[in-house]
Structures are given as C-alpha cells and as structure tokens.
Amino acid sequence: MSRLKGKRIIVVGAGSGIGAATVRRLAGEGARVCVADINTEGANTVAQQVCESGGEAYPIAIDLADKRTVDEAVAFSVERLGGLDGAHINAADLRVIMEDSDAETVSLDIFDRTIDVNLKGHLLCTRAVLPHLLANDSGAIVYTSSSAADAGEPVRPSYAMSKSGLNALMRHVASCYGARGITANSVAPGFVLTAEMESSGHLTDDIKNYMLSRIPGTRLGSPDDIAGMVAMLLSEDGRWINGQVFNVNGGALMR
Ligand SMILES: NC(=O)c1ccc[n+]([C@@H]2O[C@H](COP(=O)([O-])OP(=O)(O)OC[C@H]3O[C@@H](n4cnc5c(N)ncnc54)[C@H](O)[C@@H]3O)[C@@H](O)[C@H]2O)c1
C-alpha cells in the first residue's frame with residue numbers, strides 16, 4: 001500500500017509503543033518519517049529498523065518539556081524531509097502516572113510534569129509544525145489522546161485533565177486553521193498492550209484478563225490498531241475529517 005507515498009511526517013514520542021508502531025506503519029505506506037523522542041536510543045532503533053526494511057526514517061532527540069529542543073527537532077525534520085505534510089504528536093510522560101493518585105493527594109510536581117509534557121509540550125509542538133503545514137496550504141495533525149479524557153475515573157486525574165485539554169487544543173487547531181487546509185484530530189486509545197508493558201513484568205495474567213473482561217471483543221488492543229487509524233487520518237482518505245476524537249478501544253468505552 002502506498003497511500004502515504006512521499007508524505008513528510010514527524011512522529012513525536014516515537015521511540016516505543018504506539019508511536020513506534022505508527023512510524024513503521026507510515027513508512028510502510030510510503031511516508032518519509034522523522035522519529036522524535038526523549039528516548040534517543042529507542043528513536044535510533046526504530047529509525048534503523050525502518051531503514052533496514054527499505055523505508056526512510058531519521059531519529060531526532062526531543063523533550064516536550066523544553067521548547068528549545070521542540071523547535072530544533074521540528075527544524076531538523078523540515079531540513080531532512082524538505083518540508084512537512086503531517087505530524088503525529090503522541091508523547092506522554094507515563095513514568096509519573098502511577099503517582100497520579102487523586103484530587104486530594106496528587107503532588108503538584110506530578111501534576112505539573114504531566115501538564116508540561118502531555119499538554120503544554122503539545123502546544124509547543126503544534127506551534128512549531130503549523131507554519132510548515134500552512135506554507136503548503138495543506139497538512140494534518142493527529143494527537144494521541146486517551147479514553148481517560150472521557151471515562152470519569154477515580155484515579156490519574158492529572159493525566160485525564162491533560163488528555164481532555166489535548167482534545168480542546170485539537171478542536172481549536174481544527175477550527176482556527178481548517179479554512180487554511182489544516183486538519184487536526186485525536187485518536188483516543190483504550191488499553192493497548194505494548195511490547196514495553198509486556199517486558200516490564202508488571203502485567204500479570206490477572207490484569208490482562210481483567211482488561212479483556214472490560215472489552216466486548218476477543219482480544220486486547222495492540223499498537224498497530226492505533227497506527228492504522230493514525231495512518232488513515234494522515235492520508236488523503238482523511239482529508240475531510242477534522243476536529244474529531246476517534247475512540248479506538250475495542251468498544252470498551254462507547255460514545
Ligand atoms: N498504551 C495504552 O494503553 C494507552 C492508552 C491510552 C492512551 N495512550 C497514549 O498513547 C501514547 C503512547 O503511549 P504508549 O502506551 O505507546 O507508551 P510509551 O511510553 O511507549 O510511549 C510514550 C513515548 O513518549 C516518550 N516521551 C515521554 N516523555 C517525553 C518527553 N518529555 N518528550 C518527548 N517524548 C517523551 C517516551 O519516551 C515514549 O517513547 C501516549 O500519549 C499515551 O498517553 C496509551
């Protein structure tokens with residue numbers, strides 16, 4: 001399939017999990033991709049795998065909590081790819097999520113870090129990529145949100161707020177820049193089992209069975225399930241889709 005042939009795309013938060021699967025999917029569909037992550041080792045590995053399979057991918061360091069690196073990573077991507085046609089902004093600091101307890105007790109450091117990376121960093125990225133998309137009068141941005149934005153859960157309030165805010169940013173971008181050829185959409189995954197989660201050893205069979213019991217389906221989600229939706233939204237097939245949140249969750253949360 002060459003639906004994305006020649007498209008120039010940056011994936012942010014691409015060194016593992018869903019972002020890495022998206023890079024592989026985009027490159028497999030013909031896109032030229034920059035692989036941006038704070039985890040430079042992961043970004044290098046993903047880019048190398050793509051190149052070894054005959055695709056084109058370049059690793060870049062980025063820290064969404066540091067505006068300078070965001071601007072530099074986008075500038076590097078534009079230089080390497082000769083412009084930009086799309087961005088998948090997917091990063092989140094999930095190391096702090098276990099301490100994101102509840103409204104009464106969550107530490108403000110955890111809240112600030114979550115908002116800095118998952119929300120403010122996404123604004124910084126949006127601000128950095130937009131001029132390059134607008135220069136073409138065309139472009140697509142896909143954000144990775146989460147079911148947590150809408151689920152109403154008794155835990156991880158900072159994370160849910162960051163993802164809810166991200167959907168608001170997405171709708172703003174869709175609304176403000178749509179008439180200038182830009183689309184913006186969110187993909188909201190449900191529970192997605194990544195290779196990193198599997199290898200962490202934290203996911204017992206009991207936890208996996210519990211997660212499966214909450215899905216009206218036969219299996220848990222995989223990063224490729226999300227990558228397929230992102231690829232569609234970044235392709236010409238998605239050109240008349242703007243301002244939407246797509247729940248990709250096996251039916252775990254129906255809206
Ligand atoms: N896996 C799930 O069940 C699930 C469910 C809902 C939403 N999501 C969302 O999907 C996205 C990807 O998550 P994942 O499950 O693949 O986990 P992941 O940890 O593999 O991916 C997150 C990526 O973001 C990067 N990152 C973290 N902090 C960063 C920073 N400051 N600057 C730049 N990059 C940074 C990490 O290095 C990592 O590569 C996240 O936005 C997450 O909130 C995941």
Inset, instruction - For the residue pair S16 and T194, establish whether any side-chain heavy-atom pair is separated by less than 4.5 Å. - result: no
Inset, instruction - Walk me through it: do T105 and D102 pass the test side chain to side chain donor-acceptor pair (under 3.5 Å)? - result: CA-CA 6 Å; T105 63; D102 59 44; 2.9 Å; yes
Legend entry - Single-linkage hydrophobic cluster I18~I62, side-chain heavy atoms < 4.5 angstrom: no
Inset, instruction - Consider only side-chain heavy atoms of I, L, V, M, F, W and Y, link residues closer than 4.5 Å, and tell whether M161 and V245 are in one cluster. - result: yes
Inset, instruction - Determine yes or no for a side-chain-to-main-chain donor-acceptor pair under 3.5 angstrom, with S107 supplying the side chain and D109 the backbone. - result: yes
Inset, instruction - I would like to know whether M229 and M232 meet side chain to side chain contact (heavy atoms under 4.5 Å, CB included); could you show each step before the answer? - result: CA-CA 5 Å; M229 175 59 90; M232 189 277 285; 3.8 Å; yes
Legend entry - R214 atom CZ, neighbour heavy-atom count above 12 within 6.0 Å: no
Legend entry - Euclidean distance, C51 SG relative to Y58 OH, rounded to 0.5 Å: 7.5 Å
Legend entry - 4.5 Å side-chain heavy-atom contact, R219 and D225: yes
Inset, instruction - Would you check if the side chain of K163 reaches a backbone N or O of T144 as a donor-acceptor pair within less than 3.5 Å? - result: yes
Inset, instruction - Please check if atom CZ in R127 has more than 12 non-hydrogen atoms from other residues, nucleotides or ligands closer than 6.0 Å. - result: no
Legend entry - Transitive ILVMFWY side-chain link I207 to L94, under 4.5 Å: no
Inset, instruction - Ignoring hydrogens and angles, tell me if any N or O in the side chain of D137 forms a donor-acceptor pair with the backbone of G181 under 3.5 Å. - result: no
Inset, instruction - May I ask you to decide if G190's main-chain N or O and N247's side chain share a donor-acceptor pair within less than 3.5 Å? - result: no
Legend entry - Reported NE2-to-CD1 distance for the pair H122 and I89, which is rounded to 0.5 angstrom: 6.5 Å
Inset, instruction - Kindly determine whether Y159 and V96 satisfy side chain to side chain contact (heavy atoms under 4.5 Å, CB included), including the steps that lead there. - result: CA-CA 9 Å; Y159 180 73; V96 295; over 6 Å; no
Legend entry - Steps toward side chain to side chain contact (heavy atoms under 4.5 Å, CB included) verdict (L64, V12): CA-CA 9 Å; L64 286 195; V12 179; 3.8 Å; yes
Legend entry - For L166 against L119, the heavy-atom pair lying closest together: N-CD1, 3.4 Å
Legend entry - Closest heavy-atom pair and its distance - L234, L4: O-CD2, 3.6 Å
Legend entry - Closest non-hydrogen atom pair, G19 against V11: O-CG1, 3.9 Å
Legend entry - Separation of D116 CG from D63 CG (nearest 0.5 Å): 9.5 Å
Legend entry - Pairwise side-chain contact, I141 with Y177, heavy-atom cut-off 4.5 Å (strictly under): no
Legend entry - Reported OG-to-CD1 distance for the pair S235 and I241, which is rounded to 0.5 angstrom: 8.0 Å
Legend entry - Any donor-acceptor N/O pair, S222 side chain to D224 backbone, under 3.5 Å: yes
Inset, instruction - Check for a donor-acceptor pair, side chain of D93 on one end and backbone N or O of N118 on the other, with a separation under 3.5 Å. - result: no
Legend entry - Connected via hydrophobic side-chain network under 4.5 Å: L123 and L84: yes
Legend entry - Salt-bridge criterion met for R80 and E56 (N-O under 4.0 Å): no
Inset, instruction - Measure the shortest side-chain to side-chain distance between K208 and M197 over non-hydrogen atoms and say whether it is less than 4.5 angstrom. - result: no
Legend entry - Any donor-acceptor pair under 3.5 Å from D100 side chain to S158 backbone: yes
Legend entry - Distance in Å, D150 CG paired with L253 CG, rounded so as to fall on 0.5 Å steps: 6.5 Å
Inset, instruction - Evaluate the side-chain proximity of I10 to I60: yes if any heavy-atom separation is below 4.5 Å, no if none is. - result: yes
Inset, instruction - May I ask whether V74 and L124 are part of the same hydrophobic cluster, defined by side-chain heavy atoms of I, L, V, M, F, W, Y residues being less than 4.5 angstrom apart, directly or through others? - result: yes
Inset, instruction - To the nearest 0.5 Å, tell me how far K5 NZ sits from E29 CD. - result: 12.5 Å
Inset, instruction - Examine distances only and state if a side-chain atom of H132 and a backbone atom of D85 form a donor-acceptor pair shorter than 3.5 Å. - result: no
Legend entry - pair R8-N136: side-chain heavy atoms closer than 4.5 Å: yes
Legend entry - Enclosure of E41 CD (heavy-atom neighbours >12, cutoff 6.0 Å): no
Inset, instruction - Check whether any side-chain N or O of S146 sits under 3.5 Å from a backbone N or O of A149 as a donor-acceptor pair, and report yes or no. - result: no
Legend entry - Nearest heavy atoms of V35 and A14, plus distance in Å: CG1-CB, 3.6 Å
Legend entry - Side chain proximity check, I215 to L220, heavy atoms < 4.5 angstrom: yes
Legend entry - Residue pair V33 / L81: nearest heavy atoms and the distance that separates them: N-CD2, 4.2 Å
Legend entry - pair T183-N185: side-chain heavy atoms closer than 4.5 Å: yes
Inset, instruction - Check whether any side-chain N or O of S147 sits under 3.5 Å from a backbone N or O of P189 as a donor-acceptor pair, and report yes or no. - result: yes
Inset, instruction - Mind listing the closest non-hydrogen atom pair of E99 and I110 along with its distance? - result: OE1-CD1, 3.7 Å
